[in-house]
Amino acid sequence: MTARAVVPGNHEALDGRTLPVEDPSTGTVIAHVARGGAAEVDRAVAATRAATRTMRDSLPLERGRALRRLAVEVDAAAEDLARLESLDTGKPLSLARREVAGCVGYLDYYAGAAGTLQGDTIPLGPGTLAWTVPEPVGVSAHIVPWNAPLSMLCRSVAPALAAGNTAVVKPAELTPLTALRFADLVAAAGFPAGAYEVVTGLGAEAGAALAAHGGIGSLTFTGSVDTGRAVLRAAAEHVTPVVTELGGKSPQIVFADADLDEVARQVVLGFTANSGQYCDAGSRVLVDRAVAADLVERIRVRAGALTLGAGADDPDLGPMVSAQHRRRVTDYVDLGRAEGADAPTPPQALPTVGHFVAPTVFTAVTPTMRIAREEIFGPVLAVLEFGTEAEALDLADATDYGLGVGIHTADVDRALRVADRVDAGYVMVNDYFAGGPAVPFGGTKLSGTGRERGLVALESYLTRKTVVVRRAPCT
Ligand code: NAD
């Protein structure tokens, strides 16, 4: 693609403006996309509104079949999509392939779920009957982040379509390419024109206009806490219901009876997968003091052996998504040292081009340090030590976030006790990143509101109409 080309399939901005899209593995521009704003959002919402009647009147099983066809289309295009995602985000090709397979999983799951929509009947005594009917919200809006673009998109668009809605998507300006390619696949699967529209552009322009739009019936926002707040404020104008999936500072809690070699493997996966750019990255380890030195040694050996490189070369770690984000992460590494925490220089030599950060493991971390409390969104781990289970719980809850928690122990009672008490939305015992499309996911505190995945996610794209009928009395 030349630097002047606009990605095929992307609606042009009405004023012809474009944005460059970069390959973060090399820093070179690989495409240009339309720089949409309020006018383009109006156009997309109007197009999707025109299709809401068709979607709403379709039989749930028909929608399920269309989602199944879409799953087949995505699966058939999986290698192209994975290569595009890897190029656009810098993520290793194998990881991009797994994320595309995850999208197929969301589409398959919600294809089956479409036919499960039901209401309730409520007995109100002789002669009076009440029932509820699930109804689509109409146009569902989705603002998507850059860290797992197609995966996050499918996670919310699949249940929205299953529930009988249309969808307008605003992908992140850094990584818009797979959302555009997905539009072709939605059309090929036989969804009506206008069922899925994409507006590319900047968050402050296209994203803000979509969040504030009066024509949308729901908004799903996945991204940072600050933007989440802005989106909630904008949506308040029209009292639009919002699902927010925000950041995290997720701990892996390691008790002394755990299998330390397996824990070290999971900890390293937890803080380095996608170069640490996952909302539920296990970016803190809380470890029993008795085994802390042993565990840290195992973690450092494993982390030091990881390879860094361009996404297409399929290393263990790709680059940060942008030069700006790399600076943010390395500023946190400098801050950790300035705060008095200890991290040896990682052994890896960084590639000479691209936005790379090597996996960095901090010890001598205290709970009040910023590197222990703030989301870094890079391959940086903070290790904190505890003496008792109660201290472990206090440390786990000592941030403003409440997304993922990993618990590692051979003691089932202890695992269930900690799972009950910890303040978080998603707890994984002895298997970090366990889950799938059927398993609800979301956070507490600043990590967000609402749940995605599972049948419960359908509720974010439905209203429940209640009908109460009084019949003539029986004679
Ligand atoms: P971001 O908030 O900068 O951007 C997210 C999206 O919001 C982008 O599409 C962006 O263009 C748009 N946006 C920016 N400003 C906007 C505005 N004023 N109005 C409307 N939209 C606007 O987040 P990011 O940096 O792309 O993503 C990283 C963050 O996302 C991290 O904090 C991460 O934890 C979080 N995240 C959470 C989950 C989850 O499920 N909880 C999943 C993935 C990422």
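Each ligand, and each atom within it, is numbered from 1 in the order the structure gives.
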Which of the atoms of ligand 1 are close to [X], meaning less than 4.0 Å from one of its heavy atoms?
| X | answer |
| --- | --- |
| F441 | 40 (O) |
| V231 | 19 (N), 20 (C) |
| P171 | 9 (O) |
| P145 | 26 (O), 27 (O), 43 (C), 44 (C) |
| G247 | 32 (O), 34 (O) |
| I143 | 6 (C), 7 (O), 9 (O), 12 (C), 20 (C), 21 (N) |
| E173 | 10 (C), 11 (O) |
| K170 | 9 (O), 10 (C), 11 (O) |

For the atom pair [atom1] ([X]) and [atom2] ([Y]), what is the distance rounded to the nearest 0.5 Å?
| X | Y | atom1 | atom2 | answer |
| --- | --- | --- | --- | --- |
| E452 | S460 | CD | OG | 7.0 Å |
| S140 | Y196 | OG | OH | 11.0 Å |
| L232 | F221 | CG | CZ | 9.0 Å |

Exercise. Is E262 paired with R265 through a side-chain N to carboxylate O contact shorter than 4.0 Å?
Worked result: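 Here R265 pairs with E262 in a salt bridge, since their nearest N and O are under 4.0 Å apart.
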At what distance is the nearest protein heavy atom to [atom], and which residue and atom is it?
| atom | result |
| --- | --- |
| atom 44 (C) of ligand 1 | N147 ND2, 3.4 Å |
| atom 9 (O) of ligand 1 | V144 O, 2.7 Å |
| atom 28 (C) of ligand 1 | F377 CE2, 3.5 Å |
| atom 20 (C) of ligand 1 | G207 C, 3.1 Å |
| atom 15 (N) of ligand 1 | T227 CG2, 3.3 Å |
| atom 17 (C) of ligand 1 | G203 O, 3.4 Å |
| atom 40 (O) of ligand 1 | R155 NH2, 2.7 Å |
| atom 24 (P) of ligand 1 | W146 NE1, 3.2 Å |

Problem set entry | Options A230, G223, S250, S224, ranked by nearest heavy atom to atom 2 (O) of ligand 1, top entry |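 Residue with the shortest heavy-atom distance to the ligand atom: S224.
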For this session: Name the option, out of C279, S447, G228, that contains the heavy atom nearest to atom 42 (C) of ligand 1.
Result: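 Answer by nearest heavy atom: C279.
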Problem set entry | Pair T444-D423, side-chain donor/acceptor within less than 3.5 Å |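 Checked: T444/D423 side chains pair up, N/O donor to acceptor below 3.5 Å.
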Exercise. Under the 4.0 Å line, does any protein heavy atom show up next to atom 4 (O) of ligand 1?
Worked result: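 Under the 4.0 Å cut-off, atom 4 (O) of ligand 1 has no protein heavy-atom neighbours at all.
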Exercise. When you look at Y461 and T220, which way does the side-chain hydrogen bond (donor to acceptor under 3.5 Å, both in side chains) test go after all the steps?
Worked result: CA-CA 9 Å; Y461 307 102; T220 302; 2.7 Å; yes
For this session: Pick one of side chain, backbone, both or neither for how A206 approaches ligand 1, counting any non-hydrogen atom pair under 4.0 Å.
Result: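 Near ligand 1, A206 shows nothing, with every heavy atom at 4.0 Å or more.
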For this session: Answer side chain, backbone, both or neither: which part of E375 comes under 4.0 Å from ligand 1, heavy atoms only.
Result: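 Near ligand 1, E375 shows its side chain, while the N, CA, C and O stay back.
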Problem set entry | Residue of the set R327, E22, Q324 for which side chain to side chain donor-acceptor pair (under 3.5 Å) holds with H355 |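 Among the candidates, only E22 passes.
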Problem set entry | pair R453-Y426: side-chain heavy atoms closer than 4.5 Å |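 In short, these two side chains touch, coming nearer than 4.5 Å.
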For this session: Check if Y278 has a non-hydrogen atom at a distance under 4.0 Å from any atom of ligand 1.
Result: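 Not so, Y278 does not reach ligand 1.
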Exercise. Among all residues two or more places apart in sequence or in another chain, which pass the side chain to side chain contact (heavy atoms under 4.5 Å, CB included) test with D316?
Worked result: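 Expected list: L306, T307.
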Exercise. Do any N or O atoms from the side chain of E173 and from the backbone of L19 form a donor-acceptor pair under 3.5 angstrom?
Worked result: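 No, the answer is negative, given that no donor and acceptor are paired below the 3.5 Å cut-off.
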Exercise. If only atom types and distance count, is the side chain of R284 paired as donor or acceptor with the main-chain N or O of L395 below 3.5 Å?
Worked result: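 Checked: pair present.
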Problem set entry | Contact list for residues 239-248, test side-chain hydrogen bond (donor to acceptor under 3.5 Å, both in side chains), sequence neighbours left out |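 Only T244-T449 qualify under side-chain hydrogen bond (donor to acceptor under 3.5 Å, both in side chains).
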For this session: Specify the closest pair of heavy atoms between P171 and V199, including all atoms of both residues, with the distance to one decimal.
Result: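 Closest approach of P171 to V199, heavy atoms only: CD-O, 3.3 Å.
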Problem set entry | Short N or O distance, M152 and ligand 1, threshold 3.5 Å exclusive |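 So ligand 1 has no N or O lying under 3.5 Å from an N or O of M152.
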Problem set entry | Check against salt bridge (charged side-chain N to carboxylate O under 4.0 Å, His left out), R83 and D80 | CA-CA 5 Å; R83 286 185 182 276; D80 282 357; over 6 Å; no
